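The structure appears right after this line, and notes come after that.
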Amino acid sequence: MIRQAAVLLVFAAIAAAVVVAGLNGEPGRASVEWLGWRVSMTAVAAVFAVFIGTFAALALWRLILWIVEAPARGVRARAESRRRQGADALTRGFLAAAAGDGAEARRFAQQAADLVLDTPALVRVLTAQAAEAAGDVPAAKAAYTAMLGFPEMRLAGLRGLTQIALAQGDRPEALRHAQAAYGQTRTARWAWRALLEARQEAGDWAAALDLVQGALDRKIVSPIRAERARAALLAASAASLEQHPDARLRAQALEFASQSAKLNPGFAPGVTIAARLLIADGRAPRAANLIEQAWKLVPHPALWLLWRDLRTAETPKERAARYGALAALNPDHRESRFVRVEQALLMRDPAAARAEAAPLAGDADPTARVCGLMARIAYAEGLPDEARAWMARGGAAAHEPDWSDLDPGGRGFAYAPGDWARLVSTYAETGELIHPRLERRERMMSELPELPPSYETASAFLGSGLGADDTLALAPDDPGPFGDEPYAGGF
C-alpha cells in the first residue's frame, strides 16, 4: 500500500511539472506508434493519460487480488468469529463459576472447548472450576490432575487438588500437594500458608519457624510479619516446654522465650513466659528488665502480676514504690492507672485511689475488673454499702479481654497448642492478641475481690436477677472480721 501511494505521488509530481512547463509556453509533444496506429498529443495530455492508465491498472490489480484472496479472507473471518465467541464463552463461564452456577459454567466450558484453540489452559481451568461449582468433585479432581502434565498449568492443578483434599478432610493429601507446589515455585504463598498452618496445628513449632524463615528469604511475607510470627512461634515453643520435668528442656524453653522477648519486646506472651522462667531460675533482676521494656510498649495485666510478685521480702512502702516505678514507665496507659490505684490502696490512701480510679469508673458500662477495684476502694473508705453495690454490678459486668489471658491461678497465657496456633496466625497478620478464654467463656482469675464473709453471702444472690438495691438488703452493715481496718488486699 505504501509503495503504491509512492508511485502515485511520483506520477502526480511529474504531471504537475509538465503542467507548469505547459503554462510557461513549452507544451511539448508526445507521439506513440503501435500496431500501425499513431497517436500524437501534447506532453500534458500524455502525462495525464499515463496517470489515468496507471491508476486504472492499479485498481484492476487490486480487484483481481481481492477476488483471489476472498477464500482466505473468509477463513480468517470465520476464525475471528470463533475467537470472539470462544472469548465470550470463557468470560461467561468464569463469571458463572464465580457465581456458583455450576450448570451454566459447565455449558460455557463445553462451548469454549469447541471454540477456543489458542488458549487451552484457560479452557482446562474453566472446566475444573465449573465442575467444582457443580459439586462434581471427581470431575474437578480429574481436571486438576490433567493439568499436572503441563508445566505452565502444574501450579494451578496442585492448588486445586489441595483445596479439594482440604474440603474432603484429607489433610495428608493436601499437604503432599502443597509441599509439591512450595518446592516448584518460590512465590506460592498459599502453599506456604497451608504448610505453616499444618505445622502449627501439629505443634511442630521448629518446622513452623523454618517455614517462616524460608518465606522471608523468598519474600513471600514482609519482614515485620515474619518478625511477629517468629516471636509468637518462639513463645509457643517456650510454653510447650515450660513445665517439662527435664531441666535441659526447661532451659531450652527459657532460651526460646528470651529470643521471643528480644525479637518483639512488646509481645506480652513471650515476655511473660521469659520473665516467669527467669524468676523461677532465680534471676529476678533480668525478669524485671524484660517487664519494664514490655511495659513501656504494651502494658498487660500478666506483666503487672509478675512485677507484683518479683519480691516477697519487702515492706508495703517498698512495694508501693516499685508500683509507682512501673506505672511511671508508661504513665498515660490504662493499665498504669490500675497500678497507681493499687499503689494508693497499698499505702492505705483510699482517697487517692478513688481519685485515680475515677476515669475508669466513669465509663457507662464499667468492666468487672473496674467494679472489683471500686468495691475494694469503697470498703477501704469504710463504705460497705457502696462496696456491696459495686460487687453487684461486677457480677453482671463484662470481662476485660486482657484480664481473660490469666487462668484461675493467675498464670498468664496458659494456652493449649490449638490456641497458640491461632494466636501465631492472628498476631503475625494483625499484630493483635486473641483471647481464647474469653471466647470460650472459661474460668479466669477472679476480677472481684474477696471481701469479708457477710459480703460473700450477699454476692451469692448476684445471679438471682435481683437488683443492686435488693442485694444491699441481704447483709447487715457489719464491717466483717477486719474491723475498722481498711481492706488493702490484692486480687
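Just so we're clear, the structure is a prediction, and the values are computed from it rather than from any experiment. Hydrogens, waters and symmetry mates play no part in the numbers below; they use all other heavy atoms, side chains included. Numbers here are sequence positions counted from 1.
A donor-acceptor pair under 3.5 Å links the side-chain atoms of Ser425 to the main chain of Ala421, judged by distance alone. Between the side chain of Arg348 and the backbone N or O of Ala380, no donor-acceptor pair lies under 3.5 Å. With hydrogens and angles ignored, the 3.5 Å screen pairs no side-chain donor or acceptor of Trp192 with any backbone N or O of Tyr182. Side-chain N or O atoms of Asp281 include none that pairs as donor or acceptor with a backbone N or O of Arg283 at under 3.5 Å. Of the possible donor and acceptor atoms, none in the side chain of Trp390 sits under 3.5 Å from a partner among the backbone N and O of Leu373. Looking at Asp363, its side chain never comes within 3.5 Å of a backbone N or O of Asp365 through a donor-acceptor pair. Ser260 contributes no side-chain N or O that, together with a main-chain N or O of Phe256, makes up a donor-acceptor pair within less than 3.5 Å.
For the pair Leu175 and Ala194, the tightest heavy-atom approach, listed with the atom from each and the gap, is CD2-O, 3.9 Å. Closest approach of Ala397 and Ala368 over heavy atoms only: CB-N, 3.5 Å. The two residues Ala232 and Phe267 come nearest to each other via the heavy atoms CA-CE2, 3.6 Å. The two residues Ala287 and Leu310 make their nearest non-hydrogen contact at CB-CD2, 4.2 Å. Leu448 approaches Gly395 most closely through the heavy-atom pair CD1-N, 4.2 Å. Between Leu406 and Pro301, the shortest heavy-atom distance links the atoms CD1-CB, 4.3 Å.
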Q.
Between Val125 and Met147, is the side-chain contact (heavy atoms from CB on, under 4.5 Å) condition met? List the steps.
A. CA-CA 8 Å; Val125 173; Met147 294 182 191; 3.8 Å; yes
Q: Could you please spell out the steps behind the side-chain contact (heavy atoms from CB on, under 4.5 Å) verdict for Arg248 and Gln252?
A: CA-CA 6 Å; Arg248 291 178 301 176; Gln252 185 69 49; over 6 Å; no
Q. Between Asp405 and Tyr415, is a side-chain contact (heavy atoms from CB on, under 4.5 Å) present by the stated rule, with each step listed?
A. CA-CA 9 Å; Asp405 295 331; Tyr415 292 157; 2.8 Å; yes
Q: Evaluate the side-chain contact (heavy atoms from CB on, under 4.5 Å) criterion for residues His300 and Val271: first the C-alpha distance (whole Å), next the side-chain angles of each, then the deciding distance (0.1 Å), finally the verdict.
A: CA-CA 10 Å; His300 191 280; Val271 176; over 6 Å; no
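Using a 4.5 Å heavy-atom cutoff, the side chains of Ser404 and His399 are not in contact. Side-chain atoms of Pro269 and Leu433, non-hydrogen and from C-beta on, do get closer than 4.5 Å to each other. Counting heavy atoms from C-beta outward, Pro449 and Met391 have side chains that approach closer than 4.5 Å. Between Pro359 and Arg337 the shortest side-chain heavy-atom distance falls below 4.5 Å. Looking at Phe338 and Leu360, their side chains come closer than 4.5 Å, going by heavy atoms from C-beta outward.
For Trp295, the side-chain hydrogen bond (donor to acceptor under 3.5 Å, both in side chains) partners are Ser336, not counting sequence neighbours.
Taking the charged nitrogens against the carboxylate oxygens, Arg107 and Glu104 do have a contact shorter than 4.0 Å, which makes a salt bridge. With salt bridges taken as basic N to acidic carboxylate O contacts below 4.0 Å, one links Arg193 and Glu429. Using a cut-off of 4.0 Å between Lys/Arg side-chain N and Asp/Glu carboxylate O, Glu201 and Arg171 are scored as salt-bridged. Using a cut-off of 4.0 Å between Lys/Arg side-chain N and Asp/Glu carboxylate O, Lys296 and Glu292 are scored as not salt-bridged. Under 4.0 Å is where a charged nitrogen must lie from a carboxylate oxygen, and between Glu173 and Lys141 no such pair does. In this structure, Arg199 does not pair ionically with Asp210, as no charged nitrogen and carboxylate oxygen lie closer than 4.0 Å. A salt bridge links Glu314 with Arg322; the closest basic N to acidic carboxylate O contact falls under 4.0 Å. Between Arg334 and Asp402, none of the side-chain N atoms (NZ, or NE/NH1/NH2) sits under 4.0 Å from a carboxylate O, so this pair counts as no salt bridge. Electrostatic pairing of Glu442 and Arg437 counts as a salt bridge here, judged by a charged N lying under 4.0 Å from a carboxylate O. Salt bridge present: Glu335 and Arg369 bring a charged side-chain N and a carboxylate O closer than 4.0 Å.
Here CD of Glu242 is found 12.0 Å from CZ of Phe413. Values are rounded to the nearest 0.5 Å. Between atom CH2 of residue Trp205 and atom CZ of residue Arg230 there is a gap of 16.0 Å, rounded to the nearest 0.5 Å. Distance CD1/Ile224 to CG/Leu216: 11.0 Å, rounded to 0.5 Å. Atoms CG and CG, from Leu254 and Leu249 in turn, are 12.5 Å apart once rounded to the nearest 0.5 Å. Taken to the nearest 0.5 Å, the CG atom of Asp101 stands 11.0 Å off from the CG atom of Leu95. Put simply, CD on Glu356 and CG on Leu345 are 11.0 Å apart, with the number rounded to the nearest 0.5 Å.
Applying side chain to side chain contact (heavy atoms under 4.5 Å, CB included) to Val221 and the options Glu227, Arg228, Arg189 leaves one that passes, Arg189. Among the candidates Arg376, Arg308, Arg319, the single residue satisfying the side chain to side chain donor-acceptor pair (under 3.5 Å) test with Glu342 is Arg376.
The distance between the ring centers of His177 and Tyr144 does not fall below 6.0 angstrom. Aromatic pair Tyr323/Trp304: ring centres closer than 6.0 Å.
Side chains of Gln213 and Asp217: a donor on one and an acceptor on the other come within 3.5 Å.
Counting non-hydrogen atoms of other residues, nucleotides and ligands closer than 6.0 Å to CZ of Arg92 gives a total of 12 or fewer.
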List the atom pairs, with distances to 0.1 Å, where a side-chain N or O of residues 159-168 and a protein N or O form a donor-acceptor pair under 3.5 Å, not counting sequence neighbours.
from: Thr162; atom 1: OG1; to: Leu158; atom 2: O; distance (Å): 2.7

